[in-house]
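A short write-up of the structure that comes next.
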There are 2 protein chains.
Amino acid sequence: MKLQQITKKKNVPSHRSYDDACGIAHALDLIGERWALLVMRELLLGPKRFSDLRESLPGISANVLTQRLEGLEQAGLLVKRKLPPPAASQVYELTQWGYESESIICDMGRWAARSPSHDPTLPVSPVSIILSMRTMFDATRTLGIDARVGFQFGYENFVARVLEEQLHISRAPVEGADAIFTGTARYLAAAIYGGVPLAALEKKGALTVAGDRTLAERYLTLFVLPPKVKPTG
Amino acid sequence: MKLQQITKKKNVPSHRSYDDACGIAHALDLIGERWALLVMRELLLGPKRFSDLRESLPGISANVLTQRLEGLEQAGLLVKRKLPPPAASQVYELTQWGYESESIICDMGRWAARSPSHDPTLPVSPVSIILSMRTMFDATRTLGIDARVGFQFGYENFVARVLEEQLHISRAPVEGADAIFTGTARYLAAAIYGGVPLAALEKKGALTVAGDRTLAERYLTLFVLPPKVKPTG
DNA sequence: CGGCATCCGGGAAGATACTG
DNA sequence: CAGTATCTTCCCGGATGCCG
């Protein structure tokens with residue numbers, strides 16, 4: 001049997017809609033499909049390439065990632081951009097409106113972290129742990145700190161600025177930071193939220209600290225998870 | 001209680017997980033499946049029965065609703081409760097933690113309402129329009145109002161209390177309210193957000209107003225949608 | 001190598017019918 | 001009213017391959 005000659009060249013995802021005027025339902029039409037919100041998460045701290053996204057989202061397959069990027073672009077949440085030569089590679093970048101979803105997405109994370117079934121020992125992406133710092137930061141613990149702390153997760157580098165009871169953290173080269181963590185996001189999470197002593201992680205070679213070690217230890221205490229809910233609600 | 005023997009008879013949801021320690025990913029493990037968040041939405045203003053939920057969520061099928069209710073109960077977000085006799089019917093009610101998702105869910109709705117592809121003329125459930133009032137309420141427009149406004153959507157009744165630049169709205173009998181709207185949520189939405197004149201809706205028999213008509217007209221102006229994003233982000 | 005399209009198996013969602 | 005059983009459809013996930 002001959003294929004339908006309709007071949008739109010682009011597959012029409014049919015976008016199963018809720019057909020509901022409620023803004024919440026529309027939000028799900030935009031970002032409710034599997035993986036969509038995690039793609040957004042990975043872009044919240046700046047543009048990424050296709051393969052960077054794949055690496056940060058273990059379990060997503062290439063075709064699904066393609067579909068999500070198409071959907072999010074069509075929704076107006078991100079744009080496909082070509083970097084100027086050299087390195088004329090393609091990146092995906094959130095629009096202004098896309099970036100404005102950050103507070104909602106992070107609030108969701110904070111809310112879900114109270115779940116009894118939440119397992120903080122699973123792997124995390126670099127972006128996840130950095131966003132968690134913005135989310136779980138406790139300003140009351142910063143008394144007197146004025147410092148820059150760097151993070152090196154492979155090619156993904158970030159710098160946190162702690163000053164006047166505020167935290168600003170974003171992508172930046174770590175050179176010149178007062179303390180620098182190097183390793184994987186997962187082990188840094190173990191140090192911050194898992195209560196694993198820094199010395200133990202260093203001994204394992206999982207995480208290394210350069211610069212002001214006392215500052216590094218202190219920095220780890222600035223973040224606290226919200227209290228768990230009782231299993232019986 | 002040999003739980004293990006149930007393995008073949010009961011459906012195993014398998015709960016396709018993201019296996020990611022990030023709170024955002026865990027949130028999606030909890031409420032990321034299709035329809036789950038809309039079930040939560042429908043329960044945000046109080047318990048509902050199975051068939052009430054079906055009626056409020058046109059398009060959901062009975063088996064999917066059953067699965068979502070099971071999943072949300074297992075997650076600790078709602079409990080299945082039997083009303084005391086008489087009317088010993090079964091209802092689903094959010095837990096404390098479940099109710100605490102309201103602000104996040106509503107923020108999502110406000111964020112998504114800015115979408116260029118949002119169509120406010122689609123049908124809405126009574127709960128949706130009431131939640132939208134909480135979300136889109138503009139306190140600066142209430143000068144001098146001290147009133148109770150009732151809403152009758154079939155068997156779902158609500159009362160809004162406007163006082164001192166605040167809005168409190170919840171399920172309650174409409175008796176004694178200064179103005180009472182009766183009709184469908186969809187037409188009330190057309191009056192509030194669609195700019196359709198109240199008189200036109202009354203003429204069609206889509207919406208009726210009892211009591212203080214001037215107050216009713218004024219009330220409709222208290223809610224404003226956020227500005228749309230430009231299609232090119 | 002990055003960015004897709006295509007084919008396929010398994011499983012979730014959708015629709016309908018049926019039961020206590 | 002409150003679901004269960006069954007069948008179909010379609011999405012997701014994995015593999016392969018094309019093409020610049």
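Note that these values count all heavy atoms, side chains included, but never hydrogens, waters or copies made by symmetry. Each chain gets a letter, A, B and so on, in the order the sequences are listed, and its residues count up from 1.
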Does NZ or CZ of Arg34(B) fall inside the cone over Tyr18(A)'s six-membered ring, less than 6.0 Å from its centre and within 45° of the axis?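 That pair qualifies as a cation-pi contact.
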Is a salt bridge present between [X] and [Y], judged by a nitrogen-to-oxygen distance below 4.0 Å?
X	Y	answer
Asp20(A)	Arg186(B)	no
Arg134(B)	Glu102(B)	yes
Glu156(B)	Arg171(B)	yes

Provide, to the nearest angstrom, the distance between the [atom1] atom belonging to [X] and the [atom2] atom belonging to [N].
X	N	atom1	atom2	value
Lys82(B)	dA2(D)	NZ	P	9 Å
Glu33(B)	dG11(C)	CD	P	15 Å
Tyr155(B)	dC1(D)	OH	C1'	12 Å
Leu28(B)	dA12(C)	CG	C1'	17 Å
Asp29(A)	dC11(D)	CG	P	14 Å
Leu69(A)	dG2(C)	CG	P	15 Å

Is it the case that over 12 heavy atoms from other parts of the model lie below 6.0 angstrom from the NZ atom of Lys204(B)?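 Check fails, neighbour count at 12 or below.
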What are the two closest heavy atoms between Ser56(A) and Arg41(A), and how far apart are they?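 Nearest heavy atoms, Ser56(A) then Arg41(A): O-NH2, 4.1 Å.
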Does anything in residues 48-63 of chain B reach DNA chain D, meaning a heavy atom under 4.0 Å, and if so which residues?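 Listed by number, they are Arg49(B), Phe50(B), Ser51(B), Ala62(B), Asn63(B).
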Below 4.0 angstrom from OP1 or OP2 of [N], is there any side-chain N or O of [X]?
X	N	answer
Tyr92(B)	dG3(D)	yes
Arg16(A)	dT9(D)	no
Gln67(A)	dC11(D)	no
Trp35(B)	dA12(C)	no
Arg34(B)	dG14(C)	yes
Lys80(A)	dC4(C)	yes

May I ask you to check whether Phe151(B) and Phe158(B) place their ring centers less than 6.0 Å from one another?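 Ring centres of Phe158(B) and Phe151(B) not closer than 6.0 Å.
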Please pick, from dC4(C), dC12(D), dG13(D), the nucleotide with the shortest atom-to-atom distance to any side-chain atom of Thr66(A).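 Nearest to the side-chain atoms of Thr66(A), counting from C-beta on, is dC4(C).
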State which of dA12(C), dA2(D), dA5(C) makes the closest approach to the side chain of Glu70(A).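 Per side-chain heavy atoms of Glu70(A), the pick is dA5(C).
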